[in-house]
**Student:** 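The structure under discussion is supplied below as structure tokens; questions concerning it will follow.
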Amino acid sequence: MHLPVLTKEVISYLDPQRNENFIDATFGEGGHAQSLLVKTRPRGKLLGIDQDPRQIEKGRQKPTDRLRLVNDNFVNLKKIVEKEKFADIDGIIFDLGLSSWHLEESAKGFSFLREEPLLMRLDGDPNQLTARDVVNHWPEKELERIFREYGEERWASGIAKLICARRIRKPIESTLQLARLVETACPRKSLDRIHPATRTFLALRICVNRELENLERALPQALEVLKKRGRLLVISFHSLEDRRVKDFFREQVKLGRLKILTPKPVTPGPVEIKSNPRSRSAKLRAGMKI
């Protein structure tokens with residue numbers, strides 16, 4: 001079962017009140033959305049956005065006239081708000097982590113622990129750029145760049161070189177094929193507590209879904225559509241995301257548009273990490289539009 005991270009902290013910083021309206025820009029399995037709907041009864045509305053049509057379909061199985069769901073990318077946030085005529089927005093949350101469903105059930109290739117096709121698209125569209133395309137067709141230097149830049153992988157050069165040598169003989173089709181290659185490319189003495197393929201898979205996911213570019217484009221839109229004193233909250237799971245959120249918040253403070261509510265990122269406590277180990281890298285930042 002998917003456990004939304006930092007739920008108490010989300011509610012504390014978004015501070016939902018009766019009849020207020022919110023946007024969950026990464027609806028997923030609706031964990032944070034459900035908490036917001038409870039707090040904003042009886043007439044508060046929530047607009048949920050998710051790239052994956054299956055997540056939206058599941059959300060619609062629990063109908064309520066206070067919940068509106070849209071299958072789209074949050075990079076189109078302003079257009080979605082205008083199309084849905086969703087106004088008086090008191091808060092917006094971005095939870096940038098993958099749900100348990102994506103890792104364990106989606107069969108999209110996000111996990112290096114099971115045999116799946118190398119897709120790694122959040123929207124599930126195999127006709128767009130996939131991880132298989134990147135791994136089998138991108139130049140070695142480009143592979144090295146994304147592994148180093150997006151995955152912060154110190155063995156990026158060796159991993160890229162081995163991938164290119166292997167794909168000449170036979171295309172790399174599956175997650176386990178790729179994971180074994182990465183493990184081979186990493187020196188044994190360097191293996192730490194995380195799986196050696198962790199950073200490579202992260203880099204490919206970020207690249208395929210344009211996650212950093214989309215986040216940079218979405219944050220200004222979120223601040224624009226919020227009402228005065230509306231709250232903007234972002235939960236990130238790796239340093240590249242968190243850095244962009246931090247820089248955006250600081251820039252908006254200088255422009256007199258935002259008040260930062262979290263001088264330092266808020267992280268899960270030991271109790272939450274014990275019950276949900278995937279929450280351990282979560283960082284929450286919140287600001288208020290002024």
Side-chain angles (χ1 to χ4, degrees), residues 4-28 31-33 35-37 39-40 44 46-49 73-78 80-81 86-98 150 152 206 210-273 276 278-290:
V5 301
L6 295 166
T7 302
K8 291 181 180 179
E9 293 82 356
V10 166
I11 295 302
S12 174
Y13 283 102
L14 285 180
D15 192 25
Q17 302 297 314
R18 284 166 54 90
N19 305 327
E20 288 189 334
N21 299 328
F22 287 83
I23 294 177
D24 186 338
T26 50
F27 182 77
H32 290 127
S35 298
L36 291 169
L37 284 168
K39 292 288 185 179
T40 56
L46 187 134
L47 174 63
I49 303 168
N73 190 313
F74 60 56
V75 74
N76 301 315
L77 182 60
K78 187 179 177 183
I80 296 168
V81 167
F86 198 78
D88 298 320
I89 301 162
D90 296 281
I92 300 175
I93 176 173
F94 293 80
D95 179 350
L96 303 176
L98 282 182
Y150 296 156
E152 299 180 308
I206 291 173
R210 301 178 61 87
E211 293 181 24
L212 299 177
E213 297 97 318
N214 289 345
L215 178 63
E216 289 176 342
R217 291 171 59 192
L219 290 174
Q221 296 177 54
L223 195 60
E224 183 178 350
V225 301
L226 276 172
K227 64 193 292 187
K228 187 177 179 180
R229 298 187 63 80
R231 278 97 42 205
L232 173 59
L233 187 151
V234 185
I235 301 174
S236 61
F237 287 81
H238 57 80
S239 60
L240 298 178
E241 291 173 337
D242 181 60
R243 196 176 306 145
R244 281 158 174 78
V245 177
K246 178 178 68 175
D247 290 346
F248 173 77
F249 276 22
R250 287 178 173 175
E251 178 187 354
Q252 298 308 308
V253 167
K254 291 178 182 177
L255 295 172
R257 297 171 180 166
L258 188 78
K259 175 184 177 182
I260 293 177
L261 303 178
T262 49
K264 294 182 179 180
V266 177
T267 57
V271 173
E272 179 170 3
I273 293 173
N276 182 14
R278 287 176 181 157
S279 71
R280 65 184 179 273
S281 56
K283 292 183 178 180
L284 180 157
R285 293 185 186 271
M288 177 185 291
K289 182 175 179 176
I290 56 177

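Since we're looking at a predicted model, the values are computed, not measured.
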**Student:** Got a sec, which residues hit ring pair (Phe, Tyr, Trp, His ring centres under 6.0 Å) with F22, two or more places apart in sequence or on another chain?
**Tutor:** none

**Student:** Which pair of non-hydrogen atoms, one from L47 and one from F86, has the smallest distance, and what is that distance?
**Tutor:** N-CZ, 3.6 Å

**Student:** Any chance you could lay out the side chain to side chain contact (heavy atoms under 4.5 Å, CB included) test for L219 and Q252, step after step, and finish with the verdict?
**Tutor:** CA-CA 11 Å; L219 290 174; Q252 298 308 308; over 6 Å; no

**Student:** Between atom CG of D24 and atom CD1 of I49, what is the distance when rounded to the nearest 0.5 Å?
**Tutor:** 8.5 Å

**Student:** Evaluate the side-chain proximity of S236 to F94: yes if any heavy-atom separation is below 4.5 Å, no if none is.
**Tutor:** no

**Student:** Distance-only, no hydrogens or angles: does the N21 side chain make a donor-acceptor pair with backbone N or O of A87 under 3.5 Å?
**Tutor:** yes

**Student:** For residues L226 and I89, report the shortest heavy-atom separation together with the two atoms involved.
**Tutor:** CD2-O, 3.6 Å

**Student:** Hey, what do you get for CG (L215) to CZ (F74), rounding to the nearest 0.5 Å?
**Tutor:** 5.5 Å

**Student:** Just grab all the salt bridge (charged side-chain N to carboxylate O under 4.0 Å, His left out) pairs involving residues 279-290, residues at least two apart or on different chains.
**Tutor:** D242-R285

**Student:** Could you tell me which residues satisfy side-chain contact (heavy atoms from CB on, under 4.5 Å) with S12, sequence neighbours excluded, listed by chain and number?
**Tutor:** none

**Student:** How far does CD1 of I93 sit from CG of L233, to the nearest 0.5 angstrom?
**Tutor:** 5.0 Å

**Student:** For S281, give me all partners under side-chain hydrogen bond (donor to acceptor under 3.5 Å, both in side chains), at least two apart in sequence or on another chain.
**Tutor:** none

**Student:** Tell me, do L232 and F249 make a side-chain contact under 4.5 Å, heavy atoms counted?
**Tutor:** yes

**Student:** Does any non-hydrogen side-chain atom of I273 lie less than 4.5 Å from one of T267?
**Tutor:** no

**Student:** Let's go through V266 and Y13 carefully: what are the C-alpha distance in whole Å and the side-chain angles of both, what is the deciding distance for side chain to side chain contact (heavy atoms under 4.5 Å, CB included) to 0.1 Å, and is it a yes or a no?
**Tutor:** CA-CA 10 Å; V266 177; Y13 283 102; 3.7 Å; yes

**Student:** With sequence neighbours left out, what residues match E251 under salt bridge (Lys or Arg N to Asp or Glu O under 4.0 Å)?
**Tutor:** none

**Student:** Taking C-beta and beyond as the side chain, do H32 and I235 meet within less than 4.5 Å on heavy atoms?
**Tutor:** yes

**Student:** Residues two or more places apart in sequence or in another chain: which of them pass side-chain hydrogen bond (donor to acceptor under 3.5 Å, both in side chains) with R244?
**Tutor:** E216

**Student:** Check S279 against P268 and note the closest heavy-atom contact, atom names and distance.
**Tutor:** O-CG, 3.0 Å

**Student:** Closest heavy-atom contact between E272 and L6?
**Tutor:** OE2-N, 2.8 Å

**Student:** Working to the nearest 0.5 Å, report the span between CD of Q17 and CG of D90.
**Tutor:** 9.0 Å

**Student:** What are the two closest heavy atoms between A282 and F237, and how far apart are they?
**Tutor:** CB-CE2, 3.6 Å

**Student:** Under the rule for side-chain contact (heavy atoms from CB on, under 4.5 Å), what residues qualify as partners of K78, not counting sequence neighbours?
**Tutor:** E82, Q221, E224, V225

**Student:** Indicate the atoms forming the closest heavy-atom contact of L77 with A222, along with that distance.
**Tutor:** CD2-CA, 3.5 Å

**Student:** Checking I11 now: which residues fulfil side-chain contact (heavy atoms from CB on, under 4.5 Å) with it, not counting sequence neighbours?
**Tutor:** P16, S35, L36, K39

**Student:** Can you name the side-chain hydrogen bond (donor to acceptor under 3.5 Å, both in side chains) partners of T262, sequence neighbours left out?
**Tutor:** none

**Student:** Name all residues meeting the side-chain contact (heavy atoms from CB on, under 4.5 Å) criterion together with D247; count only those two or more places apart in sequence or in a different chain, and write none if there are none.
**Tutor:** R243

**Student:** Taking salt bridge (charged side-chain N to carboxylate O under 4.0 Å, His left out) as the cut-off, I'd like each qualifying pair that reaches into residues 256-271, sequence neighbours left out, listed once.
**Tutor:** none

**Student:** Given side chain to side chain contact (heavy atoms under 4.5 Å, CB included), test E211 with L240 step by step and report yes or no.
**Tutor:** CA-CA 10 Å; E211 293 181 24; L240 298 178; over 6 Å; no

**Student:** According to the salt bridge (charged side-chain N to carboxylate O under 4.0 Å, His left out) rule, which pairs have a member within residues 8-23, sequence neighbours left out?
**Tutor:** E20-R231

**Student:** Does the pair V81 and I23 meet the rule for a side chain to side chain contact (heavy atoms under 4.5 Å, CB included), with working shown?
**Tutor:** CA-CA 9 Å; V81 167; I23 294 177; 3.7 Å; yes

**Student:** Is the shortest side-chain heavy-atom distance between V234 and F248 below 4.5 Å?
**Tutor:** no

**Student:** Keeping the roles fixed (side chain from T26, backbone from L96), state whether a donor-acceptor pair exists under 3.5 Å.
**Tutor:** no

**Student:** Rounded to the nearest 0.5 Å, how far does CD1 of I206 lie from CG of N214?
**Tutor:** 12.0 Å

**Student:** How about E241 and L212: do any of their side-chain heavy atoms sit closer than 4.5 Å?
**Tutor:** yes

